[in-house]
Amino acid sequence: NQYKKFIDECHKRGIAVILDIVTNHCFGQCPLALMYFDPNTGSGQPSPQNPWLNPQSPHPLSVGYDFNHESQYTRDFFKRVLAYWLTEYKIDGYRFDLSKGLTQKYTGSDLGAWSQYDQGRINILSDYYNHIKSVKPKAYVILEHFAENNEETVLANSGMMLWSAMHERYKQVGTGWQTNSDISWAYHANRGWSYPNLIDYMENHDEERMMFEALKYGNSAGSYNLKDTSNALNHMRMAAAMMFGIPGPKMVWQFGELGYDYSIQYNGDRTAPKPPRWDYLNRTDRQLLYHTYSAMGKLRKSDAFRYGAYTSDLGGKGKRMWIAHNSMNVVISGNMDVTSLTMAPGFNNAGTWYDYFSGQPVNITDPAGQNFTLATGEFR
């Protein structure tokens, strides 16, 4: 009842509640495993008679006991679970953990084969998706999938949302190393998708913190060093402006907006408790990062970000992107390098433009060739 009240209060404030659900596997205390279990096979496994679970997982990254989603018993069970949370608790959708595991195609220990196009997996996920939509048409369905793009394109174009897997590239941007720093793949259309169903992020619960990476591995030149906290925070602002500048839904991992710099392995392992640091708000350079997140979030509510034509040049040290819309044109440029960089942002037209963060007017006389010098980690 308290959780139902919490969800109601979220809804009153315009906040959706999305449940993270694990449909790939269960563990030994689960009744679905215990009722049909063979204890005489090494450490034990579900018996061949188990109507829900495979005796062995068909794919290489399973944990616990693997569900057989081609079994009608499994399909009926999860459809009841999915409908129950939507109707009884009024949640707004699901994020499916390890969705690539919902397959009966045997790939053994071959990670590459597991990621290849799998029509059976598409059929399973599509069946659950259609069931969810039949219960609650506006529900969100989000996949932690990480399969090859030809499969993800089918899922995205049917309406499902998928994680972007762009952490490694954003990390390079934030730590000042150009190698593998092209973030073009964070835009759904560059993947050939018809709809903005790519959930982009710089950090998540499984990957290392950007600030921790910068303070440990950050690039340097002369007296400028990204292993310095203030310099690293400045680069995080630039990286955030780049991420938020790319249209489409975004995910922020807790305290990323303050430059959280404790390793994901702090306190022993990934899932161990980490100290909350609300006091980070008291430091000016961390406040600047926080306000960058806030201001970019506000800007993204505009029609230009929702409906405008987007183009970009995101492969080099100087990164640029453009949005054209009849309500507003937008140019974003940033220097991810550890030395200053002179570059032409490229403008849609001559005339007076306005710097979003300072409000200052900028007179543009040569739209294509007018240069600006950006300091290390600076963005405009």
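The figures here come from the full heavy-atom set of this structure, side chains too, leaving out hydrogens, waters and symmetry mates. For this chain, numbers begin at 1 and follow the sequence in order.
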Got [X] and [Y] here, is their nearest side-chain heavy-atom distance under 4.5 Å?
X	Y	result
Tyr36	Pro51	yes
Ser333	Lys319	no
Asp366	Phe347	no
Thr87	Val135	yes
Trp193	Glu152	yes
Gln104	Asn68	yes
Asn219	Thr175	no

Next on the checklist: Apply side chain to side chain contact (heavy atoms under 4.5 Å, CB included) to residues Phe305 and Ile323 and explain how you reach the verdict.
Outcome noted: CA-CA 7 Å; Phe305 275 83; Ile323 295 175; 3.6 Å; yes

Give a yes or no on whether the backbone of [Y] and the side-chain of [X] come within a donor-acceptor separation of less than 3.5 Å.
X	Y	result
Asn190	Ser184	yes
Lys136	Ile91	yes
Arg209	Ala214	no
Arg237	Asp285	no
Ser294	His291	no
Gln116	Glu148	no
His325	Ser327	yes
Ser312	Leu314	no
Gln287	Thr284	no

Validation row, ring centre [X] to ring centre [Y] under 6.0 Å:
X	Y	value
Phe244	Tyr293	yes
His25	Phe27	yes
Tyr262	Tyr260	yes
Phe37	Tyr65	yes
Phe67	Phe78	yes
Tyr187	Tyr310	yes
Phe379	Phe357	yes

Checklist entry - Which is it for Gln172 and Thr179 under the side chain to side chain donor-acceptor pair (under 3.5 Å) test, yes or no, and what are the steps along the way? => result CA-CA 7 Å; Gln172 294 296 93; Thr179 304; 5.3 Å; no

Checklist entry - Checking side-chain contact (heavy atoms from CB on, under 4.5 Å) against Asp200, which of Pro247, Ser164, Pro249 comes through? => result Ser164

Sidechain N-carboxylate O distance under 4.0 Å for [X], [Y]:
X	Y	result
Asp92	Lys138	no
Asp127	Lys79	yes
Lys105	Asp118	no
Asp355	Arg380	yes
Asp261	Lys216	no
Asp182	Arg169	no
Lys4	Glu88	yes
Arg13	Glu9	yes

In terms of heavy-atom contacts, does [atom1] of [X] have more than 12 from other residues, nucleotides or ligands at under 6.0 Å?
X	atom1	result
Tyr195	OH	no
Lys317	NZ	no
Gln56	CD	no
Arg306	CZ	no
Tyr290	OH	no
Lys133	NZ	yes

How many angstroms lie between atom [atom1] of [X] and atom [atom2] of [Y], to the nearest 0.5 angstrom?
X	Y	atom1	atom2	answer
Leu98	Phe146	CG	CZ	10.0 Å
Ser126	Leu155	OG	CG	6.0 Å
Asn24	Glu144	CG	CD	10.0 Å
Met166	Asn204	CE	CG	13.0 Å
Met202	Met251	CE	CE	11.0 Å
His69	Thr103	NE2	OG1	10.0 Å

Checklist entry - Any side-chain donor paired with an acceptor under 3.5 Å for Ser115 and Lys100? => result yes

Checklist entry - Distance only, no hydrogens: is a donor on one side chain within 3.5 Å (strictly under) of an acceptor on the other, for Glu151 and His145? => result yes

What are the two closest non-hydrogen atoms of [X] and [Y], and how far apart are they?
X	Y	answer
Ile132	Ala139	CG2-CB, 3.7 Å
Val154	Asn150	CG2-O, 3.5 Å
Ala221	Thr339	CB-CG2, 3.7 Å
Glu378	Asn234	N-ND2, 4.4 Å
Thr373	Ser340	CG2-CB, 4.4 Å
Ala232	Met211	CB-SD, 3.7 Å

Item to check | Geometric cation-pi criterion, Arg75 with Trp52: 6.0 Å, 45° | outcome: no

Checklist entry - Does the pair Val17 and Leu19 meet the rule for a side chain to side chain contact (heavy atoms under 4.5 Å, CB included), with working shown? => result CA-CA 7 Å; Val17 178; Leu19 196 69; over 6 Å; no

Next on the checklist: Tyr201 and ring pair (Phe, Tyr, Trp, His ring centres under 6.0 Å): which single residue from Tyr170, Trp253, Trp163 fits?
Outcome noted: Trp163

Item to check | side chain to side chain donor-acceptor pair (under 3.5 Å) between Asp269 and Gln265, worked out | outcome: CA-CA 4 Å; Asp269 62 64; Gln265 298 296 331; over 6 Å; no

Next on the checklist: Can you tell me how the ring of Tyr3 sits relative to the ring of Trp85, calling it parallel under 30°, perpendicular over 60° and tilted otherwise?
Outcome noted: perpendicular

